[in-house]
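Quick notes on the structure that follows.
Values in this document were obtained by computation on a predicted structure and should not be read as measured data. Chain letters run A, B, ... following the sequence lines, proteins first, then strands; residues in each count from 1. No hydrogens, no waters, no symmetry mates; every other heavy atom, side chains included, goes into these values.
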Amino acid sequence: MHMDTIKHIRDTLSKLLGSGRVEAAVGYEEGTVPLAARPVIIRLAEDAGKLVLEPFRSGGTALYVRRYLVERRGQRDFDPEKAGKLAVVARPCDIKAMINHIKEKQYAREDIYIIGVHCPGVVDRGKIFQHLGPYDIAEAAVKDNVPVLKSRTGKKVEVPRDDALADVCARCLQRAPHDADETVGKEVPAPDTDPFAVVAAHEKKTVDERWQWFETQMNRCIRCRACRQACPMCYCNTCFADQTNPAWIGQTAADPDVQGFHIGRLMHMAGRCVDCGLCETACPMNIPLTLLNRKLDQVIYDLFGYQSGMNPEEVPPLSTYNPDDPNKGFM
Amino acid sequence: MSHYKLEKAKLDEFLEFMKEKYSVWAPVRADEGWAFAPVEGAVTLEHYLLTRLSAKQFVTPLYETLISFDGPEGEPAPPDKEARLVFGVRPCDAGAVRLMDRVYLEGRYRDPLYKARRENTVLVVLACGEPAPTCFCTSTGGGPADDTGADIMAYGNDGHWILKGVTEKGKNVLTGGGPAKACKDKLPEDKAAGKIPVLWDLAQAQKAVKEQFENPVWESMAQRCLACGVCTYVCPSCSCFDVSDEAKRGKGKRLRFWDGCMFPLFTHHAGGHNPRESRGPRYRQRVLHKFNYFPHRNEGANLCVGCGRCVVDCPVNIDIREAVRKTLEPGGSHDK
Amino acid sequence: MIKLEEKSMEQAGQEFEPRVLAILCTWCSYAGADLAGVGRMQYPPNVRIVKVPCSARVNPLYLVRALQEGWDGVLVSGCHPGDCHYIGGNYAARRRFSVLQQFLDYVGLEPGRVNFSWVSASEGAKFSEVIETVVDRVKKLGPSRRLVKEY
């Protein structure tokens, strides 16, 4: 990302924190390993200088916004009159997640100050690892949107941009922050692609082939729940998958249990998923989960014309109904 | 004591020979990086350093049955006695397995399921040549050529490995014939240890983490923790488990499966109370367990083996090296 | 009490008889099923009925759970849209199940394992037809193997 963008973010936050207009800010700071710019919550104006904005995704900011505001509300000495705003450096997908949070009454729009960032997409670590393994990368940098890596033996590897770009970013149509108090970064044109092309491609396979794919991928799942924890929209106090008496699904990593886990979790995501790709980034087994989420986005869009996270006035589709809804599939 | 020499070009022959007595596993390239898989066809270890998931899955599998029952009748599951040979384990993973031996085989209760697996698995450990930037085994009491926990240790040198039988089990494998030939070669020099910087004095670190119990560093380090549990799952020495009964109309199983101390429900009591509800205490417990509680009960043996997997795989880059270093800073760190 | 037996009939070499779970809403579909019974209308005996107050009561996870427990087919039936005893329950269910059905198909579950219908209290004949159709579909698909959990 350009130095001017980072400088703008740092200056803005320094002023906001210094003047007391916001009480804390969620942004990114440099990580200790290559390809990591990790989330951080700062409270002091002088800490704004350590913020960065790398095109590597290590945790979106929306999840921290919700967590911060909800935990703050739960504290004994919380006084809503005195509570300050929370500033957040947000990519468009983070903004979508926050709009969904607002719809779901997690907090109010007035509680946050959004610094929206025009986003050309982020580099997907899993894809980089196909070129240079996770333990092989000694250094990484992005020059003109092209990741340049150096291996532990000193070898230099350049990854073509199209190879490195996260799948969710390649098909994202929402490159501009659609709701922000301030906007930074250079405008990026949205691609001219069908966002559901990947779903259509998967549906060309037969039912049995699709099951084969699903079974194979689910077999690799180790039930670590990283996908659920990284997701900004998964925040139930007790997840259905953790309930044991009675239990919806088994607790282990056995195939039927993880199949039930993902089907159940994704049904809860229908109409709520913002396609940020954090589930895939967090997965230690590199399972292509967004291929499943995308189908739900497509179904919701086809049936109800609804897009997640765009308009805070729009009611979530599964929380309402229309007498003229299609009757497809009912005898 | 004789060593054995195995030409690297004869690796496939060696593994085929072992297949007569063992189910043979080796690292293969997978979507997530390297993974241990049953050997089918040629094995190539070019650019191999570490598998994504550690070797602990061979002694403590992701899930296993403890008891099967049908109505009032039940019986313990038979221990898994399948003979396995795992080629390509790293010293950090093998060291971690040895640490788990202390928990499962040398404590007050001896675990028969773990024992069966451990006794029937041969670990062939490859000494490391070129460490990863995230390796720090030399700071946790180990090293790239450490043979703790190995049955056979393989030291790479030019176009061959020098194999050393470490345990009786390992020695018996080597004397059993095959492409590895007895030799009088000395073990090659360990060139990798010098490439892994030592980050701290281990004894000091073990003391400092406990002394800094009240330090706000735990809260600030865990601030971005997602409680996703990836660190505990990829860690070679994390062996916490959960037990659950699953049945349909009275017929079912009692299962044991991986759990993680970073999950919010880890310490959730039946009455609803949770002593470690927030992330700070959970993270503190994790680091202290690795660097203080376990060593305290085990003559200083550090439970973290410095493999670096949690550092690479944490989605939000919580770095255990950073945590320990912060507690060692004079006066302790107070960054908020 | 219902006891789900092993697939012993199949092992004995007889023709596969599927086990179908039907979740019916109290006010319309269950009454429709009752009417079919009172009117002595024949329909395949492979179905086991669970009564719920409204089709909206049905959590999609019930269907996943049923498939995991080995039911070969599932039917959820409610009042016709516009006639729900609770005004809008079946509208909500309609949205939910449209999404679920398409998602399960995408994931690779054979079409015909999960089925949905609207049957009113006066449609005894329709109810038996629906059961015929569903049992026939499931019979052709064979025993359920996807998503099944062994206990």
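Within the model, atoms CZ of C:Arg146 and CD of A:Gln259 stand 10.5 Å from one another, a figure rounded to the nearest 0.5 Å. Taken from NZ in C:Lys149 to CG in A:Asp257, the straight-line distance is 3.0 Å, to the nearest 0.5 Å. Rounding to the nearest 0.5 Å gives a distance of 8.0 Å between CD1 of A:Ile300 and CZ of C:Arg95. How far CG of C:Asp105 is from CD of A:Glu203: 7.0 Å, rounded to the nearest 0.5 Å. The structure places CZ of C:Arg94 at 14.0 Å from NZ of A:Lys328, a figure rounded to the nearest 0.5 Å. Put simply, CH2 on A:Trp211 and CG on C:Leu147 are 4.0 Å apart, with the number rounded to the nearest 0.5 Å.
If you tally non-hydrogen atom pairs under 4.5 Å between each of C:Val130, C:Leu100, C:Val76, C:Val119 and chain A, the highest count goes to C:Leu100. Most heavy-atom pairs under 4.5 Å with chain C: of the set A:Pro323, A:Gly260, A:Gly264, this distinction falls to A:Pro323. Comparing A:Asp325, A:Val207, A:Val199 by heavy-atom pairs within less than 4.5 Å of chain C, the highest count is held by A:Asp325.
The stretch residues 51-67 of chain C places C:Asn59, C:Pro60, C:Leu61, C:Tyr62, C:Val64, C:Arg65 near chain A, each with some heavy atom under 4.5 Å from a heavy atom of that chain. Using non-hydrogen atoms only and a strict 4.5 Å limit, the part of residues 109-118 of chain C facing chain A consists of C:Leu109, C:Glu110, C:Pro111, C:Asn115, C:Phe116, C:Ser117, C:Trp118.
With a 4.5 angstrom heavy-atom cutoff, C:Gln102 touches chain A via backbone and side-chain atoms both. For chain C, the nearby parts of A:Asp208 are the backbone and the side chain; heavy atoms of each come within less than 4.5 Å. When heavy atoms are compared at a cutoff of 4.5 Å, A:Thr320 approaches chain C by way of both its backbone and its side chain. For A:Asn322, the parts sitting under 4.5 Å from any heavy atom of chain C are the backbone and the side chain alike. Both the backbone and the side chain of A:Pro317 come within contact range of chain C, judged by heavy atoms closer than 4.5 Å. Of the atoms belonging to C:Ser77, not a single heavy atom falls under 4.5 Å from chain A. The parts of A:Ile249 that come within reach of chain C are both its backbone and its side chain, each placing non-hydrogen atoms under 4.5 angstrom from that chain.
Smallest separation of non-hydrogen atoms from C:Phe103 and A:Lys295: CD1-CG, 4.3 Å. Here the closest heavy-atom approach between residue A:Phe304 and residue C:Val99 is recorded as CE1-CG2, 4.1 Å. When every heavy atom of C:Ser98 is checked against every heavy atom of A:Phe330, the shortest pair comes out as OG-CE1, 3.9 Å. Nearest approach of A:Leu291 to C:Tyr106, heavy atoms of both residues: O-OH, 2.9 Å.
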Exercise. Show your working on side chain to side chain contact (heavy atoms under 4.5 Å, CB included) between C:Leu75 and A:Met331 and close with a plain yes or no.
Key: CA-CA 10 Å; C:Leu75 166 72; A:Met331 289 185 270; 4.2 Å; yes
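Within 6.0 Å of CH2 in C:Trp27 there are 12 or fewer heavy atoms belonging to other residues, nucleotides or ligands. Heavy-atom neighbours of C:Glu150 CD from other residues, nucleotides or ligands within 6.0 Å: at or below the threshold of 12. With a 6.0 Å radius and a threshold of 12 heavy atoms from other residues, nucleotides or ligands, A:Gln212 has its CD atom at or below the threshold.
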